[in-house]
> 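Please find one structure pasted underneath; my questions will follow.
Counting from 1, the numbers follow the sequence of the chain as shown. In what follows, every heavy atom counts, from backbone to side chain, and hydrogens, waters and symmetry copies are set aside.
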Amino acid sequence: MSVNEKSGEYEGSDTSNTSTATSHDRTHATRTIASRARADRYATAWMVAAVALLAIGLLAAGKLPKPLWTMVHVIALGVLTNGILQWSWFFARTLLHLPAGDRHAGVNNVIRALAFNVVLVALFAAIWLGSAPAAIACDAAVIAILAWHGADLLLVAHNASQAPKTTKTSQAPKASQARFAVVIRYYATATGFLIVACVLAGFVVEAMLGTHPAAWLVRSRDALTVAHALAAVAGWVGLSIAGTLVSLGPTMLRARIDPDAPAAAQRALPVLTATLLVAVVSAAVGNGIGIGAGLLGFAGAASYGVAVPLLRCARQRPPRSLATWSMAAGVIWSVVMLIAVALRALFTTDISALRAANLPMLPLLGGGGLAQIFIAALTYLMPVVIGGGPAVMREGMQALETAWPVRFAIRNTALLLLGFTGFTSGIGLLQRVWWALVLATYVVDIALFAVAGIRQSRSKRAAAAATVATTVTAVATAQQPSHDRSAVA
């Protein structure tokens, strides 16, 4: 993957040492970006909602219905899931060289996004009103949408690999499509884990809100909750991030991808899947040792398949921007939290105690890990998606990186202080101050996304108008009789 230096557009090209971008890549990438439905705006809307709800929770926790569930799921489902659902298709379009009018990535994706967000609003209402049947019905609808999403991903990947050589799709380098098809497999596997998480969520909802839940279900509620969280966070979000980093990580660093990176990611995927399944099943039956062993195996496979090749790229081109530093910090926070949960699970025999002990780490995982990764990816990709050429893109990036070292330092220093004090002393006045600082940095991020988008779009339109005016003038001049041009001269 690369950004074309002349056009400023994101390309689905293989940047190994032995391959270069083709003119087809440049044309296709430009068309893909220009025609992509802006369904990702749902994630932006939920980001604003998340900041508002988190501010309410911080200042007046008693005012929020189901505060813990609400604050976790507005980020996990509203922001992250919307983002993954949309950006996975952006990468599928680019990596698989899908045509601009592809139904699976286009119309189907827009319908899925609308349906998912309608169901999501209904789910929040059902939980807040305490209606188990309504919440379970929403859960089933989400499962159907996810199954459609995963099936379409697998279908376009299969179609791309089977396309005859006479089609436009196969004009792109087949080797590049084959190398990066592993990213789509990560997305499809991640979707499978979220479906598992939704199934488990149905049982948890019945235990939590049901009128007469079965006794075994009530006893198993904490175990099923932990299993649900592992499948959703490590499976859905973790595997989606890991797959994306295979191609996006080197691009953000402006480094050549490690030649073995796609193959290493492919070798790691079965191990990641198996170890995470061990952790999820162990959680469901209340086995802490199985949870810890599964998560440590998952962390080891992720390190081998994704982190080590990416570190080789970082040795060539270390992080130098807000996007790359935020991505690095987010990944580090996520890995630290994952290992902390794994080690705690190894030495905990009571699954309810494990759930209670891990609750204080959820905000750090969300605010320090997942949110920073999301912001990092969006900081890099938004100027590329808006486009307009290198000069216009730089204008958008400059707005996004306003005072970024200060913002980055404040956010991560406050998170570190929370990590040192929040686990033992609860949420006191000092912890609220740290969280207020973290929240303020994210508010600034959102505001700068709006400013950068407006500025870059305006400059893009101005540049396009100038190009049209120049072209019209040139054509008019060329159509003048030769003696008229001489007279003008």
> Any salt bridge (charged side-chain N to carboxylate O under 4.0 Å, His left out) involving residues 224-237? Give me the pairs, sequence neighbours left out, ordered by first then second residue.
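Salt bridge (charged side-chain N to carboxylate O under 4.0 Å, His left out) check on residues 224-237 returns no pairs.
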
> Before giving the answer on side-chain hydrogen bond (donor to acceptor under 3.5 Å, both in side chains), spell out for R256 and Q316 the whole-Å C-alpha distance, their side-chain angles and the decisive distance to 0.1 Å.
CA-CA 8 Å; R256 288 189 178 277; Q316 302 172 33; over 6 Å; no

> Could you please spell out the steps behind the side-chain contact (heavy atoms from CB on, under 4.5 Å) verdict for T441 and F408?
CA-CA 8 Å; T441 63; F408 178 85; over 6 Å; no

> I need the minimum non-hydrogen distance between L153 and A188, along with the two atoms involved.
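Minimum heavy-atom contact is CD1-N, 4.3 Å.
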
> Any donor and acceptor pair, going by atom type alone, linking the side chain of R317 with main-chain N or O of R254 inside 3.5 Å?
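Yes; judged by distance alone, with no hydrogens or angles, the pair exists.
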
> May I have the step-by-step check of side-chain contact (heavy atoms from CB on, under 4.5 Å) for L248 and Y380, ending in yes or no?
CA-CA 9 Å; L248 182 61; Y380 180 82; 4.0 Å; yes

> With sequence neighbours left out, what residues match L114 under side chain to side chain contact (heavy atoms under 4.5 Å, CB included)?
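Only Y42, V118 meet the side chain to side chain contact (heavy atoms under 4.5 Å, CB included) criterion with L114.
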
> Examine distances only and state if a side-chain atom of T94 and a backbone atom of F90 form a donor-acceptor pair shorter than 3.5 Å.
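Yes, T94 side chain to F90 backbone: donor-acceptor pair under 3.5 Å.
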
> Checking D139 now: which residues fulfil salt bridge (charged side-chain N to carboxylate O under 4.0 Å, His left out) with it, not counting sequence neighbours?
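Checked D139 against salt bridge (charged side-chain N to carboxylate O under 4.0 Å, His left out); zero matches.
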
> Testing L272, T273, V278 for side-chain contact (heavy atoms from CB on, under 4.5 Å) with F298, which one passes?
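When side-chain contact (heavy atoms from CB on, under 4.5 Å) is applied between F298 and each of L272, T273, V278, only L272 qualifies.
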
> Just checking, is any N or O donor in the side chain of W89 or H149 under 3.5 Å from an acceptor N or O on the other one?
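Present: a donor and an acceptor within the cut-off.
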
> Under 3.5 Å, sequence neighbours excluded: what are the donor-acceptor pairs made by side chains of residues 326-333?
from, atom 1, to, atom 2, distance (Å)
S326, OG, L322, O, 2.9
W333, NE1, N412, OD1, 3.2

> If you compare all heavy atoms of M252 against all heavy atoms of T324, which two are closest, and at what distance to 0.1 Å?
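Nearest pair, atom of M252 first, then T324: O-CG2, 3.3 Å.
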
> How far apart are the C-alpha atoms of W435 and Y442, what are their side-chain angles, what is the distance that settles it, and do they pass the ring pair (Phe, Tyr, Trp, His ring centres under 6.0 Å) test?
CA-CA 11 Å; W435 277 120; Y442 283 119; 9.3 Å; no

> Taking T81 for the side chain and A76 for the main chain, is one N or O donor matched with an acceptor at less than 3.5 Å?
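Yes; at least one donor-acceptor contact below 3.5 Å.
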
> CG of L416: more than 12 outside heavy atoms within 6.0 angstrom?
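It does: L416 CG has more than 12 such atoms within range.
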
> Identify, with sequence neighbours excluded, every residue that meets salt bridge (charged side-chain N to carboxylate O under 4.0 Å, His left out) alongside D102.
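Expected list: none.
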
> Can you tell me which residue pairs pass the side-chain hydrogen bond (donor to acceptor under 3.5 Å, both in side chains) test with a partner in residues 284-313, sequence neighbours excluded?
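Counting only pairs at least two positions apart or across chains, the side-chain hydrogen bond (donor to acceptor under 3.5 Å, both in side chains) contacts touching residues 284-313 are D258-R312, R267-Y304.
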
> Show me the donor-acceptor pairs within less than 3.5 Å that the side chains of residues 356-369 make with the rest of the protein, sequence neighbours left out.
from, atom 1, to, atom 2, distance (Å)
N358, ND2, L354, O, 3.3

> Give me the atom names and distance for the closest heavy-atom approach of V271 to A301.
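Closest approach of V271 to A301, heavy atoms only: CG1-CB, 3.7 Å.
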
> Between V385 and W87, is a side-chain contact (heavy atoms from CB on, under 4.5 Å) present by the stated rule, with each step listed?
CA-CA 11 Å; V385 169; W87 287 104; 3.5 Å; yes

> So, H73 side chain and W69 main chain: donor-acceptor pair closer than 3.5 Å or not?
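Yes; judged by distance alone, with no hydrogens or angles, the pair exists.
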
> Considering residues at least two apart in sequence or located in another chain, which fulfil the side-chain hydrogen bond (donor to acceptor under 3.5 Å, both in side chains) criterion with W434?
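Counting only residues at least two positions away or on another chain, W434 forms no side-chain hydrogen bond (donor to acceptor under 3.5 Å, both in side chains).
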
> What salt bridge (charged side-chain N to carboxylate O under 4.0 Å, His left out) pairs are there with at least one residue in residues 142-158, not counting sequence neighbours?
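Non-adjacent pairs meeting salt bridge (charged side-chain N to carboxylate O under 4.0 Å, His left out): R112-D152.
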
> Output the distance between atom CG (N117) and atom CG (L85), rounded to the nearest 0.5 Å.
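CG of L85 is found 9.0 Å from CG of N117.
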
> What pairs of residues pass the salt bridge (charged side-chain N to carboxylate O under 4.0 Å, His left out) test when at least one of them lies in residues 114-130, not counting sequence neighbours?
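Of all non-adjacent pairs touching residues 114-130, none passes salt bridge (charged side-chain N to carboxylate O under 4.0 Å, His left out).
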
> Around atom CZ of R320, are there more than 12 heavy atoms from other residues, nucleotides or ligands closer than 6.0 Å?
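Correct, the count exceeds 12.
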
> Testing the basics here: between I410 and L437, what is the closest heavy-atom pair and its distance to 0.1 Å?
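Scanning both residues completely, I find the closest heavy atoms to be CG2-CB, 4.2 Å.
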
> Give the C-alpha distance, both sets of side-chain angles, the deciding distance and a yes or no for side-chain contact (heavy atoms from CB on, under 4.5 Å) between L296 and T275.
CA-CA 8 Å; L296 289 176; T275 52; over 6 Å; no

> For T244, enumerate each residue passing the side-chain hydrogen bond (donor to acceptor under 3.5 Å, both in side chains) test, keeping only those at least two apart in sequence or located in another chain.
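Testing T244 for side-chain hydrogen bond (donor to acceptor under 3.5 Å, both in side chains), a comparison that skips the adjacent residues, returns Y187.
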
> So, for S240 and A190, which heavy atoms are closest and what is the spacing to 0.1 Å?
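Minimum heavy-atom contact is OG-CB, 3.4 Å.
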
> Does CH2 in W46 sit with more than 12 non-hydrogen atoms of other residues, nucleotides or ligands closer than 6.0 Å?
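Check passes, neighbour count above 12.
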
> So which heavy atom on A268 is nearest to which on Y186, and how close?
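So the minimum-distance heavy-atom pair works out to CB-OH, 4.0 Å.
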
> Please list, one pair per line, the donor and acceptor atoms closer than 3.5 Å that link side chains of residues 194-223 to other protein atoms, with sequence neighbours excluded.
from, atom 1, to, atom 2, distance (Å)
S220, OG, W216, O, 2.8
D222, OD2, S352, OG, 2.6

> Are T70 and W128 close enough, and set up right, to give a side-chain hydrogen bond (donor to acceptor under 3.5 Å, both in side chains), and what steps lead you there?
CA-CA 9 Å; T70 297; W128 288 349; 2.8 Å; yes

